[in-house]
Amino acid sequence: MIGSSDNGKPDDIPFKAELTLRRLRPRLDEIWREADVSKRRRQEFDTRLETHWAPLFRLLYQLYGSRYDFFYHVEQVLHTAASAWAARPESLCEVDRQHINEPDWFQSERIVGGALYVDLFSENLCKARQHIPYFVDLGLTYLHLMPLFAVRPGNNDGGYAISNYRSVDPRLGTIDDLRQLASDLRAAGISLVLDFVFNHTADDHQWAQRAQAGEREYQDFYYMFPSREVPEQYERTLREIFPTVRRGNFTWHDGMRRWVWTTFNSFQWDLNYGNPAVFRAMLDEMLFLANVGVDILRLDAVAFIWKQMGTSCENLPEAHAVIQAFNHVARLSAPSLLFKSEAIVHPDEVVRYIGPDECQISYNPTLMALLWESLATRRTDLLVQTLSHRHRLPEGTAWVNYLRCHDDIGWTFDDLDAAAIGINARDHRRFLNDFYTGQFPGSFARGIPFQENHATGDMRISGTMASLAGLEQAVESDDETKKELAVRRMMLLHGITLSIGGIPLLYLGEEWGMLNDYDFALDPAKAGDSRWIHRPRMQWDYLDELNDTIGGTGSIRSRIFKSTQRLIALRKQLPALAGQAMELVSTDNSHTLGYVRKRDGHRVVVLANFSETTQSVDGNKLRTAGIGRFFEDVIRQQTYSTSENVQLEPYQILWLQRT
Ligand code: GLC
Ligand code: GLC
């Protein structure tokens, strides 16, 4: 690593950092004076510089230190950071102060997340504000609004092709509506999560437009090549992420007569972080978002942000350095801001993005995939094998545990974890794909393929939680037994993500068991992307069903809603469910999963049955978990004891506490 003493010379980076800062002091004072920044705020920034300046400088040096204009860029970075702090609204500085004093606020048992598309859920930002009581009623304290910025016309990859990070899609509202929503959410105890789509811009972003107009400066914001030669060299070691969109990772642009790097859709141009001007420009966009009142930034597609010939161009060390550098600036200028990593890659790589200095929270794609795997196989071996060495995270960080999101399901477990228990990963993924597309005999699932790659045999799955869990098939055949099983599967999955450690995240629509929406195929801007099947429009008339009672049991939707809401409320009453630490409890029954959560003298043991037959677990097995001889399931308020077998009904989940 650059700056270490491996060449025998003493490490002079800290010295350079110190010297640079000393040189830049007058610039800082100028910024404070111009913006009339209070003494308190200046001191706060100074204190944080003591911690974050040296590591930030080191990272920038690692990334850009060999450039002749390195010090110019460093100066600009500090300028951007200080200006953002100077411009930060006082109400947000208050939040900063609170979170500095309570750094593990996001580890609380009271935190529960939800994600939604503003247009599909609420139509626009103003109406989303009116839905705050709904979020509160469901129990949410964290709300991820899918990308809501100005986008290119036509297909915009569900908002991920951004043409301006500082303006809201006019169909949804204005940046002031967003500010208002952020502040109203905060008043209701809900943190706002927005995307930071920093791997690429839309092809009509101003930078892309200027590149198209021939400006070299902006062509250097992206990766562009006049001939196939270099792209082909890269291609030798690259994956294809969207193989049905286009073969390979490059798109020919006729106007510029250049190949443009496009990892995702052809209209999403990858940014070139090898260029420090790109780092600075995106830093500015990031801090703008922070000052709008975002609590958590979801860092989109983190794996792809650095490229190097001869590698997969995924998960490179420099990608981590870029994110860490962003993080240090966030600590300086918007210290309450958290980063959430979206790395849907091999589990060994997923965790490398997680740390107090990089992304404090991260999607847990491996748990997500393996919960579905366990439902399909009715066995928990692979889940247990994986959790046994992959759940633990560094202090001050947390998983975000989800079941479905706006994206597909990829079977991202580790082949070696599978091999360790005698599973051939390749065959197993084929089985899972067959199962979740409903082709496997007896499958309850109704998913459809996403990005099937005929060359490699790879495929991912689209479908809503309810359709994948069997509800669609059950409703179609109007089979009460099947409906019951489907609902139980859904509650089992929620029961796990709400208790296993980390932040549970619902993808809204799940609370009603919303089924696949096949109409996406009628919209030409969506037809080519099967993920739209699981992005249905919210039906607000469902709320009316909450009060109907057909035969005393209510509609199946209202049952799903009420059960979900109740589980959320129960979670919040159990301090043992805070934090991250989880220990597996061996159940000696491979259809079941057992674990214990402990915190501040509180304990909860979770036992779950992943099969549609009754299973029993020897009560003695729970002795080691230390919940005493008699314990109660807080979900159904039934008591058990270590001297008996604990019987688990089909798909039942128990949250057990000492009585
Ligand atoms: C992320 C998003 C996904 C999008 C991709 C490109 O993975 O979750 O929806 O297609 O990035 O932005
Ligand atoms: C791949 C990418 C991930 C993206 C997803 C979209 O899994 O790794 O970043 O969200 O594709 O389908």
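Both backbone and side-chain heavy atoms feed into the values below; hydrogens, waters and symmetry mates do not. As the structure lists them, so they are numbered: ligands from 1, and atoms in each ligand from 1.
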With no hydrogens and no angle check, do the side chains of T244 and Q451 hold a donor and an acceptor under 3.5 Å apart?
yes
Determine whether the aromatic ring centres of F196 and F326 lie less than 6.0 Å apart.
yes
Could you list which atoms of ligand 1 come closer than 4.0 Å to a heavy atom of D300?
1 (C), 2 (C), 6 (C), 7 (O), 8 (O), 11 (O), 12 (O)
Distance-only polar pair, side chains of N164 and Q206, donor-acceptor under 3.5 Å
no
Under 4.0 Å from a heavy atom of H200: give me the atoms of ligand 1 that qualify, with their elements.
6 (C), 12 (O)
By number and element, which atoms of ligand 1 are closer than 4.0 Å to a non-hydrogen atom of D407?
2 (C), 3 (C), 7 (O), 8 (O), 9 (O)
For R531, the ligand 1 atoms with a heavy-atom partner under 4.0 Å come out as 3 (C), 4 (C), 9 (O), 10 (O)
Determine whether the side chain, the backbone, both or neither of F242 has a heavy atom under 4.0 Å from any heavy atom of ligand 1.
side chain
Do the side-chain N and O atoms of W261 and N272 include a donor-acceptor pair separated by under 3.5 angstrom?
no
E314 and S312 side chains, donor-acceptor separation under 3.5 Å
no
What atoms of ligand 1 come within less than 4.0 Å of a heavy atom belonging to D157?
4 (C), 5 (C), 6 (C), 10 (O), 12 (O)
Out of curiosity, is R298 lining ligand 1, as in a heavy atom under 4.0 Å away?
yes
Checking Q360 against N327: is there a side-chain donor and acceptor pair closer than 3.5 Å?
yes
